> 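First, the structure itself, so that you have it in front of you.
Being a predicted model, the structure only gives us computed values, none of them experimental. Here is how names work: the chains are called A, B, and so on, in the same order as the sequence lines, proteins then strands, and each is numbered from 1. Basis for what follows: all heavy atoms, side chains included, without hydrogens, waters or symmetry-related copies.
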Protein chains: 2
Amino acid sequence: MTTVGTPRIDPTALPGRPCSAAAALELVGDRWSLLAVREVMFGNHRFSEIARNTGAPRDRLAARLKVLVEAGVLERREYQQSPPRSDYHLTPAGRALAPVLEALVRWGDEWAVQSPPITLLHHDHQLQPNWTCAECGEPVRSRDVHRRMNVPGWDLSGPVPGGAADQDRRD
Amino acid sequence: MTTVGTPRIDPTALPGRPCSAAAALELVGDRWSLLAVREVMFGNHRFSEIARNTGAPRDRLAARLKVLVEAGVLERREYQQSPPRSDYHLTPAGRALAPVLEALVRWGDEWAVQSPPITLLHHDHQLQPNWTCAECGEPVRSRDVHRRMNVPGWDLSGPVPGGAADQDRRD
DNA sequence: TATGCCGGTTGGAAAATCAAACTCACGCAT
DNA sequence: ATGCGTGAGTTTGATTTTCCAACCGGCATA
């Protein structure tokens with residue numbers, strides 16, 4: 001059995017700014033994918049459970065699960081052979097989505113709903129996540145965060161006129 | 001001038017499990033919204049800049065910006081009156097999306113692209129974010145995180161048979 | 001034989017998306 | 001005054017995606 005690494009996206013092939021967020025959204029940024037991952041994280045591994053608990057149409061869900069498996073986010077396991085039945089489990093890449101979902105939940109709790117439908121518990125108390133910088137130990141405040149673009153032809157304000165990303169337009 | 005709070009979604013009205021992540025995705029979970037927010041965070045406030053740097057079709061972008069403004073994520077400002085010209089700025093709710101985008105970037109960096117197109121800097125070193133629990137100070141490991149559903153009729157495995165969320169199906 | 005469960009697939013209608021062209025109000029140069 | 005460029009969208013018509021409901025196939029149970 002060959003272990004297939006997650007296929008990689010070339011972010012410069014995406015429309016707009018080359019950015020890992022755009023690449024990530026290309027894989028999990030549709031209406032149902034993250035909710036499907038959420039269900040698997042909650043321990044609901046079977047197609048019907050995921051369909052019921054996300055509300056996704058079955059055909060869409062089947063299509064997205066296929067993409068997520070190809071993307072290396074989920075693993076499909078046959079749990080019986082006759083009739084053939086599969087369920088879905090998180091890969092390391094899938095487990096790594098936990099912070100994304102958690103950030104989303106926290107934003108939703110604060111800005112999208114009246115009261116949190118789900119409470120996150122750490123050990124036996126309520127989870128109050130804190131971003132710190134492992135390098136310097138300080139809490140991360142957004143005004144201390146800066147960005148640098150590593151792609152020739154782009155800077156933070158967009159494509160640089162005459163730069164590499166602009167080459168197909170010069171003549 | 002009345003300050004309009006962000007309108008709230010009733011998560012039990014959404015398809016599937018009532019969950020803040022689903023509510024959040026209802027607002028910012030389409031193909032272009034988070035990328036538009038990213039651009040505004042990067043300091044690109046104008047329609048044309050956002051359109052160019054996200055790659056979004058102009059009509060879609062116009063529609064999404066409208067939704068984001070109504071949702072209280074962005075603020076639209078007239079920066080001149082004649083001809084009328086507006087640009088877009090982050091509200092507190094918009095700024096609060098930073099952790100979501102950051103989590104997405106970090107996931108994309110690790111699992112979706114070969115090499116990070118954008119580097120996040122904290123002060124003058126590379127940002128290495130760490131989740132800790134403000135309550136107990138420990139780093140957050142996913143096996144220490146548990147969830148509790150607060151909505152009657154639901155638990156982690158789905159709608160509870162006979163429970164409140166199931167009432168429209170009993171007869 | 002009939003019924004239900006499970007993991008999907010199929011068909012057709014409805015909705016969302018797209019790229020490109022267009023609008024409208026201006027400022028500026030010719 | 002004529003034309004040109006800018007900026008923030010809107011319109012258009014074709015394409016693509018999504019949705020819902022029904023269906024399928026293999027098996028277990030009654």
Side-chain angles (χ1 to χ4, degrees), chain A residues 13-16 22 25-37 39-40 43-70 74-89 157-159 161 168-169, chain B residues 13-16 22 25-36 39-40 43-70 74-89 157-159 161 166 168-169:
Chain A
L14 263 39
L25 290 171
E26 195 73 7
L27 295 180
V28 299
D30 78 299
R31 174 138 189 221
W32 304 113
S33 293
L34 280 177
L35 300 183
V37 169
E39 286 306 317
V40 179
N44 301 306
H45 301 282
R46 289 151 89 116
F47 186 89
S48 309
E49 295 171 335
I50 302 171
R52 166 170 46 78
N53 291 353
T54 58
R58 303 169 69 80
D59 60 335
R60 292 292 81 216
L61 182 60
R64 291 314 299 185
L65 290 175
K66 218 166 274 179
V67 170
L68 290 173
V69 167
E70 279 161 23
L74 295 179
E75 185 199 342
R76 185 184 172 170
R77 284 191 205 155
E78 280 214 344
Y79 65 86
Q80 69 177 37
Q81 276 161 332
S82 133
R85 290 285 179 269
S86 311
D87 58 10
Y88 296 88
H89 293 264
S157 68
D168 40 353
R169 277 203 264 152
Chain B
L14 263 38
L25 290 171
E26 196 74 7
L27 296 180
V28 299
D30 78 301
R31 173 138 191 220
W32 303 114
S33 293
L34 279 176
L35 300 182
E39 285 306 316
V40 179
N44 302 306
H45 301 282
R46 290 152 87 119
F47 185 89
S48 307
E49 294 170 336
I50 301 172
R52 168 169 45 78
N53 292 352
T54 58
R58 304 170 71 79
D59 61 335
R60 290 296 79 217
L61 182 59
R64 289 314 298 186
L65 289 175
K66 218 165 276 179
V67 170
L68 290 173
V69 168
E70 279 162 22
L74 295 179
E75 187 199 341
R76 185 183 173 169
R77 284 191 204 153
E78 281 217 343
Y79 65 86
Q80 70 177 34
Q81 276 161 330
S82 131
R85 291 285 177 269
S86 311
D87 57 9
Y88 297 88
H89 293 264
S157 68
D166 223 33
D168 40 354
R169 276 202 265 150

> Under the criterion side-chain hydrogen bond (donor to acceptor under 3.5 Å, both in side chains), which of B:R46, B:R85, B:H45 is the partner of B:Y79?
B:R46
> Is the shortest heavy-atom distance from the side chain of B:P15 to the side chain of A:T54 under 4.5 Å?
no
> In whole angstroms, how far is the P atom of D:dA8 from the CG atom of B:N44?
12 Å
> For a quick check, with a 4.0 angstrom heavy-atom cut-off, what is the B/S/- contact string for nucleotides 8-14 of chain C, read 5' to 3'?
BBBB---
> Is it the case that the side chain of A:Q80 and the backbone of A:P83 share a donor-acceptor pair, with hydrogens and angles ignored and the cut-off at 3.5 Å?
yes
> Whole Å only: how far is the CG atom of B:L35 from the P atom of C:dT17?
14 Å
> What residues form a side chain to side chain contact (heavy atoms under 4.5 Å, CB included) with B:L27, not counting sequence neighbours?
A:W107, A:A112, B:I9, B:A71
> Return the CG to CG distance between A:L25 and B:D30, rounded to the nearest 0.5 Å.
9.5 Å
> Within this structure, what is the CZ-to-C1' distance between A:R46 and C:dC5, rounded to whole angstrom?
10 Å
> Could you please spell out the steps behind the side chain to side chain contact (heavy atoms under 4.5 Å, CB included) verdict for B:V69 and B:Y88?
CA-CA 9 Å; B:V69 168; B:Y88 297 88; 4.0 Å; yes
> For B:D30 and D:dT16, what is the distance between atoms CG and P respectively, to the nearest whole Å?
20 Å
> Report the distance from atom CZ of A:R52 to atom CZ of A:R58, rounding to the nearest 0.5 Å.
11.0 Å
> Whether B:Y79 contacts D:dA8 is assessed here as follows: a side-chain N or O lying under 4.0 Å from the phosphate OP1 or OP2. Is that the case?
yes
> Could you check B:V40 against B:L74 for side chain to side chain contact (heavy atoms under 4.5 Å, CB included), going step by step and ending with a plain yes or no?
CA-CA 9 Å; B:V40 179; B:L74 295 179; 4.3 Å; yes
> Look at the side chain of B:P57 and decide which nucleotide, out of C:dC18, D:dC19, C:dG7, has an atom nearest to it.
C:dC18
> Whether A:W32 contacts D:dT17 is assessed here as follows: a side-chain N or O lying under 4.0 Å from the phosphate OP1 or OP2. Is that the case?
no
> Taking CG from A:L61 and P from D:dC20, how many angstroms apart are they, rounded to a whole number?
13 Å
> At under 4.0 Å between heavy atoms, how does the protein contact nucleotides 25-30 of chain D? Give one character per nucleotide, 5' to 3', with B, S or -.
BBS---
> Less than 4.5 Å apart, any side-chain heavy atom of A:P84 and any of A:E78?
yes
> Just the rounded figure in Å: distance from C1' of C:dG27 to CD of B:Q80.
10 Å
> Over how many whole Å does the gap from B:R52 atom CZ to C:dA19 atom P extend?
17 Å
> What is the distance, rounded to the nearest whole Å, between atom CZ of A:R64 and atom C1' of C:dG7?
19 Å
